[in-house]
Every structure is written in structure tokens, then in C-alpha cells.
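The shown structure was predicted, so the numbers you read here are calculated from the model rather than taken from an experiment. Heavy-atom basis, side chains included; hydrogens, waters and symmetry copies ignored. Each chain gets a letter, A, B and so on, in the order its sequence line appears, and its residues count up from 1.
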Number of protein chains: 2
Amino acid sequence: MGTVTRETTLDSRQEILRTAARLFQEQGYDATSMNDVAAALKLSKGGLYHHFQSKDEILFDLMNHAMDITQERVVNSVRGIADPEERLRTLIRRHIGVVLSERDREITVMLHENHPLRPSLRKQINARKKEYVHFVEALITEVQRARSSKSSVTPRAGAFALLGMINWIYQWYRPGGPLQEEDLARQYAEIFFAGAVQ
Amino acid sequence: MGTVTRETTLDSRQEILRTAARLFQEQGYDATSMNDVAAALKLSKGGLYHHFQSKDEILFDLMNHAMDITQERVVNSVRGIADPEERLRTLIRRHIGVVLSERDREITVMLHENHPLRPSLRKQINARKKEYVHFVEALITEVQRARSSKSSVTPRAGAFALLGMINWIYQWYRPGGPLQEEDLARQYAEIFFAGAVQ
DNA sequence: TAGTAGCAACCGACCGGTCGGTCGGTTTTG
DNA sequence: CAAAACCGACCGACCGGTCGGTTGCTACTA
């Protein structure tokens, strides 16, 4: 049936995206050639171009997929939590989980590779990123209100600081190291809620 | 005199480094060709190669210079402050100042371009980065001790969180925007010392 | 059920262009 | 006049991308 064919095609694209994500993360986008991607998939370059029209398209799809994952696994999954504080704590945990996930390397690629994308495509990704920042910002506003916070930290600066410390993790975190994901999430939440030296 | 000649040469190298830093920051390292760098200096590629042996060497010198700046303008400049808390607050302010400095674009290049450098050179840069992390870590330890802090945040996680939120700034900060450097530094310090929703 | 039409998947040779880097010779300068 | 600074033509390698042709599976038919 046509349906079966479509599914196969989608699977191929997904597998290509996952492999490309791995290579892009390991070597960088520019340093990874389409030949590299094809070879890693045991494909010729021509075969690879049967599935994607350009290197751009792979990166763009990759980043969109990364935003889909963030939307599902972070945003949507905390929407049901009533208490704002608990919602923010869970968001921190989930966001860290996504950044550290071995499976979803698309996220770190999206975090790192800003320049290579054509301006029109980059704008679309940036719009989705901004949407996420605003979500976090609104959540921080809620938490401050619920706590009758007297902090002079604006939700905007707070959101950037929080996302900064989380999104930077990929720069230094090594899975085998002493700092485990759960512990890291707990400490980062504590820093954001009460500071690091209180 | 030899000295004069040497000085001239050094000036040329510095100017090349500054121009290269600007281009690398604007377009990315891989996307910037040696021709681009040469042209921006009104030089031919051959002329450029009279001053540097390779593109690698430029990037390596750039990053080393970035670490020199950090060492001078952040580390050395806070060493004289006796009170640990004030020392850390000043470090935050100075570090943000360096990241946002228009003149020192080397820093954001160093923060962003990790992959392109050959492993042997990259290790040297990473060693200097680690040194800085340890400095911050030790300072956080001191502040916690001085405050008799009961925080369960380890100095190591605290250092990574702090450096993360600061080093991420270049990803979103636009000089013309509403958030000014002084204000940003104050808010980030507050977050780190007391949290964002206290 | 054997045969076949059709099509997605794939190959590999190839293209124009650009890259980092080289080199022999010329200009500038102290 | 020596040496540093610089030029511009050039090199081999590799880049992203193309294309005509082949393979192999699947759906349909006689």
C-alpha cells in the first residue's frame, strides 16, 4: 500500500537525521561533509540526496525536530502541573534531561550551530526558540507572584540565566563523570530558587 | 633596530587577530576563508601567510589571547579584593564585561568554536579554561565558608552554573537592547547569591 | 502463480567552485 | 642594500550538488 511506502520513507529520513545529528555533534556541521553522512549510513552521496535536497534541509529538519522534542518532553509535559513552583522545578529537570539525552543529539546541534542556516530558515528556528523563552519567562513570573517574591530579578533576565546555565551543560558534561543527571538537576534548581551560597 | 621591527611585526599580528576575531564571530570560523581575512585587511592571501603559518595558528593565538584577557581583566583584577563575597560579585561583573566587550571578540570565538582546533592545540586551551573554572570554584568555596552556607550546591556545580549563564549571554544579547550591562550583572549576581524568586 | 509494469531507492562518475596553503618574484622600508 | 612585507598566480584536495542509469520490491494482471 502507499501508506507502507510513506512510512518507510519517513523512517529513512529519521535515521538519516539521527546519524547526521551524531556526526554534526561530534565534528561540527561545517566539518562534516555529505559524504561523511552518506558513508556512515552505508549509502552513496547520490543515494543520500534522494532523501534530502540539501545539507541545509538536513540541518533545518534536525533543528525543527529538536524543537518538537523540547515542546513534547518539556513544555507539554509540565503544562498539567498546577503548582507553579513544582511546574518550574519539573521543567528544569526535564530540560536538563533532554540536553543530556544520548538519543536526542539534535538539541545540542541546535544549540551550537547558529550560523550555517540560511537567514530565512534561521528565522523560523529562532521564532520557535523565542516562543520557548517566553514560556519560561511567563512561568517565572507566575512563581514570583505565587511566592510574593521581592526579587529585583526580572523574569526575562531570570529566563535567560536559567536557560543559559542549562544550555551550557553540553559544553562540559561528560556522561561518565561524577555529576549525575538527577543530582545536577537538583542543584541547578536550588541555585535558581535560592542561590548557590545561601 | 631589531626591537622596532619586532614591535611592528607584533602589531601586525595583533591587527590580524582582531580582524579575524571579528570575522570569525560574525560568520563562524569554518565559513570564513583566509581570503576573507586577507581582504578585510586589504592584504593578499600570500601577504597574510607571511604573518601566520596556518588558519589553525590564527585561531589558536586568538583563543590564547582571549584567555590572556580573561586572566588580566577578570582573575588578576579581583585577586586584590579581600572580602570573598565582594570578590565574587566583582568577578561576575568583570566576566560579563569581557563577554560583552565590543573590542574583545576573541572571547566569544573561543566560547563557540571548539571543534576546529587540532586536538593537541585544543588541549592547551582546555587546560587554561579548566584553570579558570577551578579559580571560580575555589572562590565559591570561600564565599560559602564565609557565609556559613548550608547550601547543598557544590562549588563545582555552582561554578558550572555561573559560568554557563554568563558564557551563554553572547547567544542572545544585543547591545542596543533594553537590558544594559550594569543591570544584567546586578541581576545575575542576585540570582547566584539569592535565587531569582526569593 | 508466473510474469511484468512501475517506482522508490540507490549508485558512481562527474561538475563547477572554493578551500587552505605554496612559491617565486617584486615592492617597501629602516 | 638587506631584510621584511607583500603580491598574485597557482596547486591538489575536497566541497555541495547533479544526473543518467541500475537495482530490487510491490502491486497488479492474465
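Proximity note for A:H50 (side chain, C-beta onward) versus C:dC10, D:dG16, C:dG20: the nearest is C:dC10. The B:K55 side chain lies nearest to C:dG20 when the options are C:dG20, C:dA9, D:dA4.
Rounded to whole angstrom, the span from the NZ atom of A:K42 across to the C1' atom of D:dT23 amounts to 19 Å. Atom-to-atom, CZ of A:R13 to C1' of C:dA9 comes out at 14 Å; the value is rounded to the nearest Å. Straight-line distance from the CG atom of A:L48 to the C1' atom of C:dG12: 14 Å, rounded to whole Å. In this structure, CE of B:M34 is placed 21 Å from P of D:dC10, rounded to the nearest angstrom. Distance, A:D30 CG to C:dT18 C1': 13 Å, rounded to whole Å. In this structure, the CG atom of B:N35 is 17 Å from the P atom of D:dC11, given to the nearest Å. Across the protein-nucleic acid pair, B:Q53 atom CD and C:dG21 atom C1' stand 11 Å apart, rounded to whole Å. If you take CD of B:E57 and C1' of C:dG20, they are 14 Å apart, rounded to a whole angstrom.
If you check every strand for non-hydrogen atoms under 4.0 Å, B:L43 touches sugar and phosphate atoms only. Residue contacts shown for A:S44 include a base, since a base heavy atom lies under 4.0 Å away.
Residues A:S77 and A:E72 have side chains that never bring a donor and an acceptor to within less than 3.5 angstrom of each other.
With ring centers used as reference points, A:F160 lies 6.0 Å or more from B:W168. Between B:H65 and B:F60, the ring center distance fails the sub-6.0 Å criterion.
Looking at B:R87 and B:E142, a side-chain N of the basic residue comes within less than 4.0 Å of a carboxylate O on the acidic one, giving a salt bridge.
Between the side chain of B:K45 and the base of C:dG21, at least one donor-acceptor pair of N or O atoms lies under 3.5 Å.
Under the side-chain hydrogen bond (donor to acceptor under 3.5 Å, both in side chains) test applied with A:H95, the options A:N167, A:T90, A:T70 reduce to a single match, A:N167.
In terms of position along DNA chain D, the nucleotide closest to B:G46 lies nearer the 5' end than the nucleotide closest to the other residue of the pair B:G46 and A:Y49.
Using a 4.0 Å cut-off, no side-chain N or O of B:H51 falls inside it from OP1 or OP2 of D:dA4.
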